[in-house]
Number of protein chains: 2
Amino acid sequence: MAEATIRDVARRAEVSVASVSRALNGLDNVRAETREKVIKAANELGYVPHAGARSLSLARAHAIGVVLPDLHGEFFSECVRGMDKEASRRGYLLLLSNMHDDSDQAAVALRAMRGRVDGLLVMAPHIAPETLEHAIPPALPSVMLNSHADLPGRPALRFDNRAGAEAMVDHLVANGYRHIVHIAGPEGNLDAAQRADGYLAACARHALPARILPGDFNEEAGEAAAREILASSTPTDAVFAANDMMAIGCLHALRSAGTQVPEQIAVAGFDDVPLARYLSLSTIRVNIAEMGARAVARLIDLLEGKDLTRASETLPPELVTRATTAPRTAHPNGAAHA
Amino acid sequence: MAEATIRDVARRAEVSVASVSRALNGLDNVRAETREKVIKAANELGYVPHAGARSLSLARAHAIGVVLPDLHGEFFSECVRGMDKEASRRGYLLLLSNMHDDSDQAAVALRAMRGRVDGLLVMAPHIAPETLEHAIPPALPSVMLNSHADLPGRPALRFDNRAGAEAMVDHLVANGYRHIVHIAGPEGNLDAAQRADGYLAACARHALPARILPGDFNEEAGEAAAREILASSTPTDAVFAANDMMAIGCLHALRSAGTQVPEQIAVAGFDDVPLARYLSLSTIRVNIAEMGARAVARLIDLLEGKDLTRASETLPPELVTRATTAPRTAHPNGAAHA
DNA sequence: TTGTAGGCGTTATCAA
DNA sequence: TTGATAACGCCTACAA
């Protein structure tokens, strides 16, 4: 049995489709008696309006397209959770599409959204601005998350990666560390670049030597960096990785090699994934759920014409200090344990 | 500037809209020359078909509604990742909707899908079958994930929680543990109930005493259970929690209290969240991504009429043994360390 | 091979 | 207050 349409309801209530539409949408130019007849008929038939037809007629889908890169674990789920919360609160549905590293595929994903969503939320820290600008349908309002330089007409939300990195270096310095190595994120990734910048700036400010090891945001890169550090003759008393996973890999590798953390080498990460808490890893907390929620709010405001502040927004990071960066002076002879 | 429509393309290519439709959809009754003209015009205008209109006329949205409960972290993201992979491979988009514990809200979420999706993927281990059956639009093909008893006409995919739990108890017994306590999941949750069943069955099979402590899948419940175990006079040499988070809470609480794991008390969980690996927690691996992917495949087969096997499917669990359940005989004097 | 026209389910305009 | 009817953008008989 096919679903009931508005015409079925009209027939059963013995009114016109126009009246059904008006009654069900709560317009006031309907006699109370008529409205009741309509509602009764609709209930009896289990009528649910066809959202596709509705959006065609209204030119409004009440849906938001979400295009995310290959995020991992908590990061992905927290982001979507934040978005979903705000979206469902305001009566919007989320249409999901993963954009893998391939930018052709990204374009396909974006086109598929045409005619199903009112706006787009795009997170693409790995795609060049021109490519991105080219791929997003020009007529679709959209909010960029954590992406490269601002695109004309599209507000952007991002974390202050730079300030976060600086805060971590400041913290390490305050705790007595002087030879801080940075493990970088992947080439071309905006977050990674900004974190490295912050690290360099803070080192310069403190007149400390800077040393950057390559990385790719994966645990293995952290392990490799640890080996590099242990093998190298350059003195190192702290490692600041561009994300938690690399910090965790580094932490494991250091400890496996018999190095005391933080007594001999301190370790810090970035993101505050749940694992960080368990491993007592100092890090920079990134409230991704809030970013998701804000992005949705921003987009819906844009769609409904109540966008007051056109400017892009930068969310402040939060320093989370734990055991892996404990003050150096508290462990003057840490190495003796080795 | 509004998006170009098929009419704009037709005008520019100097053909009828019908020819544009035919040319763009790859029908063969179009002259090559005409097709070229159309494609050229479409490219020049940046034409992208309006999916809403398309689905209205085709009665096919090429989208799948996904209704999930409040899943956490990795669990949620892996599930969606698996679904997205298979869906995008087959040209479908995912429409997401979180169904919180409230079953009214669930009904609303489900109705909102009408007319935007071709089918539904529903995971609702916490909602009673009748409620669920009532809430799902009868005309919408759907696949149930990890839900209560089969609903007529809707295939179900689920993990063999029972077999998983039995496998873990068998493993504990094989490793020399005899007083195994189970920390249960929330009341009314299907996964929780099946895991408890498996635990009880295995205990009975081994003629071992069974003892179940209440829990709710959260870390704190594991901590509370640990306190209970330590305070109680009932001998206990192993704890098997209904999920990893409770096992982790229990593990921490035991160790904080100076109890050696596994020397004095072994600990096991269920799910194999990423944290489990880091904490060397033995557990039952649940390949949620594959379940998501299979569910999508199943649903699309159903939609496209090539559903061969109507029966429900049960996915086998995998035992992952790690340090927290190491053989008892290997640590005869573990307690001496305390 | 092409074009005309009707329909998908809904809302909105305009008379009545 | 109500009802007929024309959109919305697309696909697809049916005719030419």
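The sequence lines fix the lettering, A, B, ..., with proteins before strands; numbering per chain opens at 1.
Against DNA chain D, the stretch residues 6-16 of chain B makes heavy-atom approaches under 4.0 Å through B:Ile6, B:Arg7. Of the residues in residues 31-63 of chain A, those with a non-hydrogen atom less than 4.0 angstrom from any atom of DNA chain D are A:Arg31, A:Thr34, A:Leu56, A:Ser57.
Counting non-hydrogen atoms of other residues, nucleotides and ligands closer than 6.0 Å to CD of A:Glu187 gives a total of 12 or fewer.
Of the possible polar contacts, none joining the B:Ser142 side chain to the B:Leu120 backbone as a donor-acceptor pair under 3.5 Å is found. Remark: side-chain polar atoms of A:Ser21 are not paired, donor with acceptor, to backbone N or O of A:Val17 under 3.5 angstrom.
For the residue pair A:Asn287 and A:Arg294, no side-chain donor N or O sits within less than 3.5 Å of a side-chain acceptor on the partner. With hydrogens and angles left out, the side-chain atoms of B:Arg158 and B:Thr314 include no donor and acceptor closer than 3.5 Å.
Summarising the geometry, the separation between CG on B:Leu24 and P on D:dC10 is reported as 10 Å, rounded to the nearest angstrom. When rounded to the nearest whole Å, the span between CG of A:Leu27 and P of C:dT11 equals 9 Å.
Listed pair A:Asn29 / D:dT2 fails the phosphate criterion, with no side-chain N or O lying under 4.0 Å from OP1 or OP2.
Remark: A:Glu14 pairs with no residue by the salt bridge (charged side-chain N to carboxylate O under 4.0 Å, His left out) rule, at least two apart or across chains. B:His50 meets the ring pair (Phe, Tyr, Trp, His ring centres under 6.0 Å) test with no other residue; sequence neighbours excluded. Applying the side chain to side chain donor-acceptor pair (under 3.5 Å) test to A:Arg11 and every residue at least two apart in sequence or in another chain returns A:Asp8.
Note on B:Ser19: only backbone sugar-phosphate atoms sit closer than 4.0 angstrom, heavy atoms only; bases stay farther off.
The distance from the CG atom of A:Asn161 to the CG atom of A:Leu190 is 7.0 Å, given to the nearest 0.5 Å.
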So which protein nitrogen or oxygen atoms get under 3.5 Å of nucleotides 13-16 of chain D's nitrogens or oxygens?
none

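Under the 4.5 Å side-chain criterion, counting only non-hydrogen atoms from C-beta, A:Leu121 is in contact with A:Leu145.
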